[in-house]
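Throughout, protein chains are lettered first and strands after them, A, B, ... in sequence-line order, and every chain is numbered starting at 1.
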Amino acid sequence: MDKRYDAKAAEAKWYPIWENNGYFHAEPSEGGTPYSVVIPPPNVTGILHMGHALNQTIQDVLVRWRRMSGFNTLWLPGTDHAGIATQNVVEKALKKEGKRRQDLGREAFVARVWEWKKQYGGTIVHQQRMLGNSTDWKRERFTFDEGCSKAVAKVFCQLYNEGLIYKGNYIVNWCPRCGTALANDEVEHEPNHGHFWYIRYPVVGSAKGTQGEPYKDYVMVATTRPETLPGDTAVAVNPKDERYAHLLGKTVILPLTGREIPVIADDYVDREFGTGIVKITPAHDPNDFLVGKRHNLAEINIMNDDGSMNELAGAKYCGMDRWKCREAIVADLEAGGFLDHIEDLDNQVGHCYRCHEVVESRLSKQWFVKMKPLAEPAIEAVKSGEVRFVPDRWSKIYFNWMNNIQDWCISRQLWWGHRIPAYTCSKCGELIVSETAPTKCPKCGATENPDIPENPDSPDRVFQRDPDVLDTWFSSWLWPFSTMGWPEKTDDLNFYYPTTDLVTAQDIIFFWVARMMMAGIHFMKKPPFKNIVIHGIVRDAQGRKMSKSLGNSLDPLELIDTYSADALRFSLALITSLDCDTKVDKSKFEIGRNFATKIWNAARFMEMNRSEIPDNPENPEIPGEGFSQLSPDEKHILYACDLACRKVNDLLEKYRIQDGALAVYDFFWTQICDWFVEYAKDAPDKARAFAILRDVYWKALRLLHPYMPFVTEEVAHQLGYLKDGETILKAEFPKGLSDEEKAKLGLTEEIYDFVNAKREAITALRALRAEYKVNPAAFVKVTIDARDAATADRLRAEEANLKAFMRAEVVEIVSDGADRAMPGTLTKLGTVYLSLEGLIDKAAEAKRVAAELEKTRGFIKSIDAKLSNENFVAHAPAAIVEGQKTKRAELVENVARLEKLAKLFA
RNA sequence: GGGCUAUUAGCUCAGUUGGUUAGAGCGCUUCCUUGACAUGGAAGAGGUCAGUAGUUCGAAUCUACUAUAGCCCACCA
């Protein structure tokens, strides 16, 4: 084996072997118990970021573990067509050529996006391979592929026919840059340092004044959006506001336009805020829109799609950008004497979650899904426990949202996406919703033009298709079943649906998870998954979200390059917790890299000692025969291995990925490397020790494989655990020994504890050596005062081992409790004495003993307090009380020893 | 405004039905290049578990309040 582990070479070698041999592929026909997961499809424009790395590491750990545990395991990959994001990317590319999408026309533009997808859309799926994801690539899907598109059209039509989809004039969030409506949750509100403009609206009939006060009688309106003024159709006051009661029924003049608008009363107005008088602009504010509906006000839309003003804003402002218009209107108001004053105001402004442009509220015709009827059974599924959130607290947040759910605006004014399957008959205006283009109008009987123009959007077509596309989530919410072939009745659906686990970050619970629940229940009659595993977000060392604009992102590919994919995965698993966000910085990944190195070096050690290992290729497992005389250390490692196997399975069952990683890490590093390998070097029966080492190492490799797939596969082959053509992916995940096996091997808790105690004695001796600065190479004389004769006998049997670990020429074991003129350190076994002629610093030793005495006495005191408390004795479980008594006896014994020592050093 | 979460060692975090005087990794200090491994080994220092009050024989753990931080939802024109 090479001196250094070449992670790059191993990772480049194994992934294609795994993929090409179909190790990730799952077949329903193979039967067994299904375990299935669908990947949260990353945007096809995406590049792998730390969030993906964390999300997919968790999934791959679960998936590989289940697969090794014998489940028929499917992890289904794919990408999302990501409407706005992808369209933006291609539009940006076009811009470099000096073109806009309109220059190409719809068809050519969409073709161009497909071309882009073909060329660059594979980036992220390639990068996912670098991570080691064991996804079934033969099943890779795309939310805009043929099958998914069919599912989308069917779902739209079904919901429409069920009356759950409707088209309505509605105030929506509008991104002028993307030129599309946005759902409420696609708008991010951010603090903004803005202004509050106080504007005078003259009351009709009031006399004109002089010197900058053009009207004697006016109402003062405060607004943050002066540019929407030409769209005002009323001013409103609170009905209970006596200050303005006299104004009700009157009209005021809208400055700059001269239009008369009414003063109305509405509860929406907050008397305390601003002046208590609000301008009402129904076409440009969601609240004003509702007020307008209540009062039957006109809705004047003064803005174009791109955020510029239209002719309704007035000739002067028509064509101006909204910000320019704001300046112009403010200037004109001032010139006209309408502007009273300006105040600073901190408020919140909505931004597009994709392009970050300031979002405009705007009146338009959009398609909506009625969510309440879909939400109810989805709430019930979680309430009943049929679907479980892990951690459970997310269910509260889910309920909170679901109970207050709003209708979902699903139409987007984009070109890239699933076209809405709705057509208008140009003869009679009938709206026809149909999966395929209609040929005959159900109302007027008109038929499609016999020479249908090739262009689907040709004005010559009789049936004009709705130009809008669907929100990208309208395809993602079908992901768990559209990817398995729905609406066909496929074997995949039959076997793998519902999926077992869904693993995702908290930020898309509403966008995606909740909607998948609704779609799954509505269309499949079963929730799409059993467990929803929510993990935190990856943050930088200061706890900030990683983002491009902050420049604080870590690039997983760079980390893979520097530390290896295994290191990235293991470190992420080790530092992540389902309960909170994960802070990472580069140095964390050294943990994983160092661990891989450790595994490699331990493997090299075994390889160098190959001659010691009995040739037993048929049975690399625990040798059952001829091993009845296992030494305590050998029993200890087998016992520890059994504990580790049980622990890891148990923890993964509970989705405790982090604790599982820690358990494997500790077993491998501390138990195997630090102690057992050292033991094996000088074992009384080297063949036996190495056979056991070989066994536990192989188990450890398999326990580790879900976390570190590459190095475990490489080492398993290097050490001959696997032959060519075999893979650790399909090796059995260790479960732990049966009681019979344990009994046969003599593995008991008692022997495990004994070895742990022996190690404490060794550690105590090492501490003494360090404290007295004994030459590390020097052999010393050691005396161990065991607590009792039986322990002493046991320790005598370990003499060679103790000598080796303590680097001692003599280890004398006694149990007489006699004074020894040497310093000691207390251990469970008693006292360890080190012969140090002439090295003792009596004063220092006295101080140390005094400190220890004080501590021990304090301990005894606290135990006495408990034991003398009648309530404690009466209420505490017997085991606890007994434990306290035993502990007390030990401590009293130690105090006696310490007192003797204290006298010696006095 | 409504809701959720966190606060434990210098840092990042464990601590799963309340039960020995609280653990890990990193960092730090000292020593060690002895043939698996310096991406290593050995030893060590370091915490009144945010605060207050309560429940209990017993609280890092349960309850209430307070402080601080963060997140989500709704949003003031």
Whole-Å [atom1] distance, [N] and [M]:
{"N": "B:U55", "M": "B:G15", "atom1": "C1'", "result": "22 Å"}
{"N": "B:G44", "M": "B:C62", "atom1": "C1'", "result": "37 Å"}
{"N": "B:U33", "M": "B:U39", "atom1": "C1'", "result": "15 Å"}
{"N": "B:G47", "M": "B:C37", "atom1": "P", "result": "37 Å"}
{"N": "B:A53", "M": "B:A14", "atom1": "C1'", "result": "28 Å"}
{"N": "B:G70", "M": "B:C76", "atom1": "C1'", "result": "24 Å"}
{"N": "B:U20", "M": "B:G58", "atom1": "P", "result": "15 Å"}
{"N": "B:A74", "M": "B:U68", "atom1": "C1'", "result": "24 Å"}

For the pair made of [atom1] in [X] and [atom2] in [N], what is the distance, rounded to whole Å?
{"X": "A:Asp392", "N": "B:U5", "atom1": "CG", "atom2": "P", "answer": "10 Å"}
{"X": "A:Glu343", "N": "B:C76", "atom1": "CD", "atom2": "P", "answer": "18 Å"}
{"X": "A:Ile672", "N": "B:G40", "atom1": "CD1", "atom2": "P", "answer": "17 Å"}
{"X": "A:Tyr563", "N": "B:C26", "atom1": "OH", "atom2": "C1'", "answer": "13 Å"}
{"X": "A:Asn871", "N": "B:A59", "atom1": "CG", "atom2": "C1'", "answer": "16 Å"}
{"X": "A:Lys686", "N": "B:A36", "atom1": "NZ", "atom2": "C1'", "answer": "13 Å"}
{"X": "A:Tyr665", "N": "B:G25", "atom1": "OH", "atom2": "C1'", "answer": "7 Å"}
{"X": "A:Asn403", "N": "B:G2", "atom1": "CG", "atom2": "C1'", "answer": "14 Å"}

Ignoring backbone atoms, test whether [X] places a side-chain nitrogen or oxygen under 4.0 Å from the OP1 or OP2 oxygen of [N].
{"X": "A:Lys3", "N": "B:C37", "result": "yes"}
{"X": "A:Thr763", "N": "B:A43", "result": "yes"}
{"X": "A:Asn400", "N": "B:C72", "result": "no"}
{"X": "A:Arg656", "N": "B:G15", "result": "yes"}
{"X": "A:Trp669", "N": "B:G41", "result": "yes"}
{"X": "A:Asn594", "N": "B:G40", "result": "yes"}

Please classify the nucleic acid contact of [X] as base, sugar-phosphate, or nothing, using heavy-atom distances under 4.0 Å.
{"X": "A:Gly592", "value": "nothing"}
{"X": "A:Val873", "value": "nothing"}
{"X": "A:Glu870", "value": "nothing"}
{"X": "A:Glu678", "value": "base"}
{"X": "A:Asp270", "value": "base"}
{"X": "A:Tyr268", "value": "base"}
{"X": "A:Ala777", "value": "nothing"}
{"X": "A:Lys885", "value": "nothing"}
{"X": "A:Asn287", "value": "sugar-phosphate"}
{"X": "A:Lys866", "value": "sugar-phosphate"}

statement: Contacts of A:Pro877 and A:Asp288 projected onto RNA chain B by closest heavy atom; the upstream (5') one is A:Pro877
- prompt: Does A:Ala770 or A:Cys673 map to a spot on RNA chain B nearer the 5' end, using the closest nucleotide for each?
  reply: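 Result: A:Cys673.
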Is the ring pair [X]/[Y] parallel, tilted or perpendicular, if the boundaries are 30 and 60 degrees?
{"X": "A:Phe668", "Y": "A:Tyr697", "result": "perpendicular"}
{"X": "A:Phe389", "Y": "A:Tyr398", "result": "tilted"}
{"X": "A:Trp197", "Y": "A:His195", "result": "perpendicular"}
{"X": "A:Tyr707", "Y": "A:Phe570", "result": "perpendicular"}

task: List the atom of A:Met220, the atom of A:Arg200, and the distance in Å for their closest heavy-atom pair.
output: SD-CG, 4.2 Å
For [N], give the paired nucleotide (Watson-Crick: N1-N3 plus N6-O4 or O6-N4; G-U: N1-O2 and O6-N3; both under 3.5 Å), or none.
{"N": "B:U55", "value": "none"}
{"N": "B:C71", "value": "B:G3"}
{"N": "B:U12", "value": "B:A24"}
{"N": "B:C76", "value": "none"}
{"N": "B:A50", "value": "B:U66"}
{"N": "B:U39", "value": "none"}

Selection from [options] that lies nearest to any side-chain heavy atom of [X]:
{"X": "A:Asp659", "options": "B:C57, B:C71, B:U16", "answer": "B:U16"}
{"X": "A:Lys598", "options": "B:A42, B:C76, B:G40", "answer": "B:G40"}
{"X": "A:Ile591", "options": "B:A77, B:C72, B:G25", "answer": "B:G25"}
{"X": "A:Arg766", "options": "B:C37, B:A42, B:G19", "answer": "B:A42"}
{"X": "A:Asp674", "options": "B:G19, B:G41, B:G44", "answer": "B:G41"}
{"X": "A:Ile880", "options": "B:G19, B:A36, B:A77", "answer": "B:G19"}
{"X": "A:Lys588", "options": "B:G41, B:U20, B:G25", "answer": "B:G25"}

query: Ignoring hydrogens and angles, are the base of B:U5 and the side chain of A:Arg393 linked by a donor-acceptor pair under 3.5 Å?
result: no
query: Between the side-chain atoms of A:Lys396 and the base atoms of B:C4, is any donor-acceptor pair under 3.5 Å?
result: no
message: Strictly below 4.0 Å, N to O, side chains only: are A:Lys8 and A:Asp561 in salt-bridge contact?
response: yes
- request: Decide, yes or no, whether a salt bridge links A:Arg225 with A:Glu227 under the criterion of side-chain N to carboxylate O below 4.0 Å.
  value: yes
- prompt: Pick from A:Val252, A:Val221, A:Leu254: which one makes a side-chain contact (heavy atoms from CB on, under 4.5 Å) with A:Asp232?
  reply: A:Leu254
- prompt: Less than 4.5 Å apart, any side-chain heavy atom of A:Thr224 and any of A:Phe196?
  reply: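 In short, these two side chains touch, coming nearer than 4.5 Å.
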query: Do A:Met402 and A:Met371 have side-chain heavy atoms sitting under 4.5 Å apart?
result: no
